[in-house]
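The structure appears below as structure tokens.
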Amino acid sequence: MKAIRTFTVRPVLAPSLAPLDRLASNWRWSWSRATHALFASMDPDLWEEIGENPSRMLGALGQTRLDQLAADDRFVARVRAEDERLEAYLTGERWYQRLEGAKPAHIAYFSPEFGVDGSLPQYSGGLGILAGDHLKSSSDLGVPLTGVGLFYRAGYFRQSIGDDGWQREAYPLLDPYGLGLTLLREPDGAPIEIALDLPGARTLHARVWIADIGRIPLLLLDSETPSNTEELRRVTDRLYGGGGEHRLLQELLLGVGGVRAVRAFSAATGRPAPDVFHTNEGHAGFQGLERMSEFITADGLSFGEALAQVRASTVFTTHTPVAAGIDRFPRDLIASFLTSGLFRGLDPVRALELGLESYEGGDPGVFNMAVLGLHLGQHANGVSLLHGEVSRGMFGQLWPGVDTDEVPITSITNGVHGPTWIHPAIKALSERAFGDAYATEHDWSDARVVSDEELWGVRGAMKDELVAEARRRMTASVSATGSGVVPSWVQNLLDPDVLTIGFARRVPTYKRLTLMLRDPERLTKLLTDPERPVQIVVGGKSHPADDSGKILIQQLVRFSQGKEVRGRIVFLPNYDITLAKILYPGCDVWLNNPLRPLEACGTSGMKAALNGALNLSILDGWWDEWYDGENGWAIPTADTASNDEERDDAEAAALYDLIEHQLVPTFYEREGGIPKRWLGMVRHTMTELGKKATSDRMVRDYVTRLYVPAAEHDVALRADGFAEAKELAAFVARVRAAWPKVHIENVDSSGIPQQAQAGDVLEVRAAVRLDGLAADDVAVELAYGRTDENDALAHDRVVHRLRPAGPALDGVTTFTGTLPLTVTGTFGYSVRAVPTHPLLVSPVELGLVTYAS
């Protein structure tokens, strides 16, 4: 008989064990080795069986065992010590508190998914894992941040693979109480509910669950409440589970409901209202419209003034270089919500324009969430240097006439949370050698501190763990889908002494899961070499609606089942955080072969590197930035290929060549049983990437480069009854109206003889018609530097501002400047005019540029 409802019954804890409740409900246990070990020690077998979650552990352990532990003085002392450590962690001064100068009081961080731990499946892939790591590092650094997301009752999905190799999805329901989440409540104990007015006289309600991620509260909105109709209860049923209006309702709840949830949370806890809002991808873009509505109705601002205030305090991070990865909705569908009363006081026509693809090459019938995010976020970034460059090209249409390299989208390269992703064996070795269990920012190169034997032994132990886990998972998979008889080859799957390559990620086509199968005969030869074999461990989930991705998984699974190669290549089902923590450390090499430049960052290779794995990757994402020839191998990109087939053939051949002629010899070349040259690369990787590839570094970059400027802009615009917001909005309206007639009538230069030489002085006079604008509304700039064969100025050009020579004559203002020539070689210059205002972050922010012809 199947239960119609399941829930968790919490035990009664003795006073001596009372701190276990707090330890279990704060997700710091997921990256605290000592707290994790405390709960595991209560019953190691049960701990593994229930999925390594402390709240589930307390519910499953039983009152008898808890009473025994309450009488165990040593265990009680451990509980007390862990609680004291947690208290010190939550209240002590950290990096942010020591940061000098003005800084945000509260940052609201919105994301559609958060990957905190495998037992909280509220993520599908890299976007969610990144968000989870962002929260954890913010906690470690003391950044006053609040996460805002949705609570999906069935998470993403649990993957299994059938006999035919086809992906199956299951959606087991989650009990938030059993996960250690708590409801946001009114002072009288009633759950606080957020409400959104929808078209058709409907109202969407949501309760707010709180997950404590160290010092960071994560607010998760849940539409499963009696206040909703049956249809609306399903809004948060699963992550990315629907399209059309269902997906739109999720994003409205995340953005609009998220702002209202943060307001309610601040009111209930006394926390300051956020002064910076960070949207992790475009899914939460509606938060900006909700905040504009607040400013209009509560503070009496106009649409333009509210827009200026929201833009100043909003950070927008784009994560996708793939247009298909951006949420786009029909214009008419969005219009129906904008006129439903959801956004009080907001002009629906002007609000709609903020997300429309009304630029050349766009579809004006489509509302684009990334476009909305960029229009509402004055501070925007990509997630690696290359991705920033790609994003500037991808969204450059929003700034017409602006050179791609000047599009106001910067980049902050992602990082990973070391305490979460570094294997306990590496942590223990690091603690012994350096006194720091987290193993980042240390010099691993000195064999006198960490010997080759120690390092190789730890690497071997982590591979043993991966092999054991692979055999366990495959045994369970075969037992579940077959006759129940497990073939002997499954029980002997993989070999810890063999060069092991890992590949695991989401399975859209551009990540090319099956590039390794391009030449099956050659791959088979590599896998089955009698002297120096290779083995490959693969994992990944395809979106439930993406049959093309499922076909790729099926192709790989079928190849792996071939009699000749089975045991040497394996697809492990249900790739998630739990598997990843074993997979990354257990591989010798991490493979990544996307179509360049379609990988925004690709942080899985960072996690592998921090555990001593080397990377084998296309020069894309973070690898393009940090590959140095000693931390792995770069797969050459076939940029000159005439079509996709030719490109795949060439890059697969390069992949095989690298494995056969560089990886295999280096790995199997031994001195006293140890691959010295290989370990030299491992030491270099752990040392150099340990300095850079962490989310601590990433969050510090966000704070100093984006959060602090955003907070400063927010304060400046709010001062004196929003005086600067009103002035900036008036300025923007004034220059937009005048700009079509702003014109550089002529440019005169003198002081340079026919044959210029270094030290000569160039004098420039530009006559500019401003159409009623003041001279200080406009920056007239001389851009100069070396030129290419097309007379284009190089990206490293220098910009020098010209100054007005006097008042306008006949409507024309003359701007002048002098420039000593220091650049030798082919030299060129141009003159342009752009709007200028102290509260613009870029001279081309408004997309208004006039060039001299």
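This structure is a prediction, so every number in the text was calculated from the model and none was measured.
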Ion pair [X]/[Y], N-O distance below 4.0 Å:
| X | Y | result |
| --- | --- | --- |
| Arg65 | Asp43 | no |
| Arg473 | Glu469 | yes |
| Asp701 | Arg697 | yes |
| Arg80 | Asp73 | no |
| Glu431 | Arg33 | yes |
| Asp72 | Arg74 | no |
| Glu193 | Arg207 | yes |
| Lys463 | Asp588 | yes |

Taking the side chain from [X] and the backbone from [Y], do they hold a donor-acceptor pair closer than 3.5 Å?
| X | Y | answer |
| --- | --- | --- |
| Asn574 | Arg158 | no |
| Asn631 | Trp626 | yes |
| Ser223 | Thr236 | yes |
| Arg459 | Asn611 | yes |
| Glu113 | Gly128 | yes |
| Tyr575 | Gln159 | no |
| Ser430 | Asp436 | yes |

Thr146 side chain to Arg271 side chain, donor-acceptor N/O pair below 3.5 angstrom: yes
How about Ser119 and Asn53: does a side-chain donor come under 3.5 Å of a side-chain acceptor? yes
I want to check a possible cation-pi pair here: [X] against [Y], using under 6.0 Å from ring centre and within 45° of the ring axis as the test.
| X | Y | value |
| --- | --- | --- |
| Lys541 | Tyr156 | no |
| Lys103 | Tyr707 | no |
| Arg238 | Tyr171 | yes |

Determine whether the aromatic ring centres of residues His278 and His134 are separated by less than 6.0 angstrom. yes
Over all atoms of both residues, closest heavy-atom pair of Leu184 and Ala261: CD2-O, 4.4 Å
Is it the case that over 12 heavy atoms from other parts of the model lie below 6.0 angstrom from the CD atom of Glu93? yes
Please report the C-alpha distance between Arg22 and Glu87 in whole Å, then the side-chain angles of each, then the deciding distance to 0.1 Å, and finally whether the salt bridge (charged side-chain N to carboxylate O under 4.0 Å, His left out) criterion is met. CA-CA 10 Å; Arg22 182 166 80 145; Glu87 178 65 18; 2.9 Å; yes
